[in-house]
Amino acid sequence: MNSEIISEIEHNQSDNFHPGEYIYMGMGLTKGHRVCMSVAYKIDYCIKKAKQFEEINNDVTFTHINKVKVGELERSKKILLN
């Protein structure tokens with residue numbers, strides 16, 4: 001895990017975290033197409049579910065996480081895995 005992911009996990013565990021304000025979307029690639037592999041209110045659960053998806057499907061590669069403010073159409077932040 002990189003420092004950006006660790007920082008998000010720490011924020012999710014803090015008193016300043018408000019569940020439902022943002023969602024985390026685990027994103028991947030399969031056969032040249034971008035796909036959403038997981039969606040969660042906390043980044044650690046998003047990563048867990050995307051990795052489970054990747055483990056059972058050899059055609060999918062987990063690439064990054066989009067942090068999206070609920071109600072918005074564009075991501076707030078792109079969090080790379082490396």
Pairing residues for K69 by the salt bridge (Lys or Arg N to Asp or Glu O under 4.0 Å) criterion, not counting sequence neighbours: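 With sequence neighbours excluded, K69 shows a salt bridge (Lys or Arg N to Asp or Glu O under 4.0 Å) to E21, given in chain and number order.
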
Spatial distance of atom [atom1] ([X]) from atom [atom2] ([Y]) [nearest 0.5 Å]:
X	Y	atom1	atom2	value
T30	N58	OG1	CG	10.5 Å
K67	E4	NZ	CD	9.5 Å
E74	N66	CD	CG	10.0 Å

Shared hydrophobic cluster, V70 / M27 (ILVMFWY, side-chain heavy atoms < 4.5 Å):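 Linked, V70 and M27 end up in one cluster.
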
Single-linkage hydrophobic cluster M25~Y41, side-chain heavy atoms < 4.5 angstrom: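 Per the 4.5 Å side-chain linkage, M25 and Y41 are co-clustered.
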
Atom CG of N2: over 12 foreign heavy atoms under 6.0 Å: yes

Closest approach of S76 to Y22 (non-hydrogen atoms, all atoms of both residues):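 Closest pair (atom of S76, atom of Y22, distance): OG-CE2, 3.6 Å.
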
Non-hydrogen atoms of C46 and S38 that approach each other most closely: O-OG, 2.8 Å

Members sharing I5's hydrophobic cluster (side chains within less than 4.5 Å): M1, I6, I9, Y24, V35, M37, I43, I47, F53, V60, F62, I65, I79, L81

Pairs satisfying side-chain hydrogen bond (donor to acceptor under 3.5 Å, both in side chains), at least one member in residues 47-56, at least two apart: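 Applying side-chain hydrogen bond (donor to acceptor under 3.5 Å, both in side chains) to every pair that reaches into residues 47-56, excluding sequence neighbours, yields K49-Q52.
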
Salt bridge (charged side-chain N to carboxylate O under 4.0 Å, His left out) partners of residues 30-40, not counting sequence neighbours, each pair once: none

Qualifying residues under side chain to side chain contact (heavy atoms under 4.5 Å, CB included), relative to D15, sequence neighbours excluded: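 Expected list: none.
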
Any residue meeting side chain to side chain contact (heavy atoms under 4.5 Å, CB included) with L80, in chain and number order, not counting sequence neighbours: H64, K78

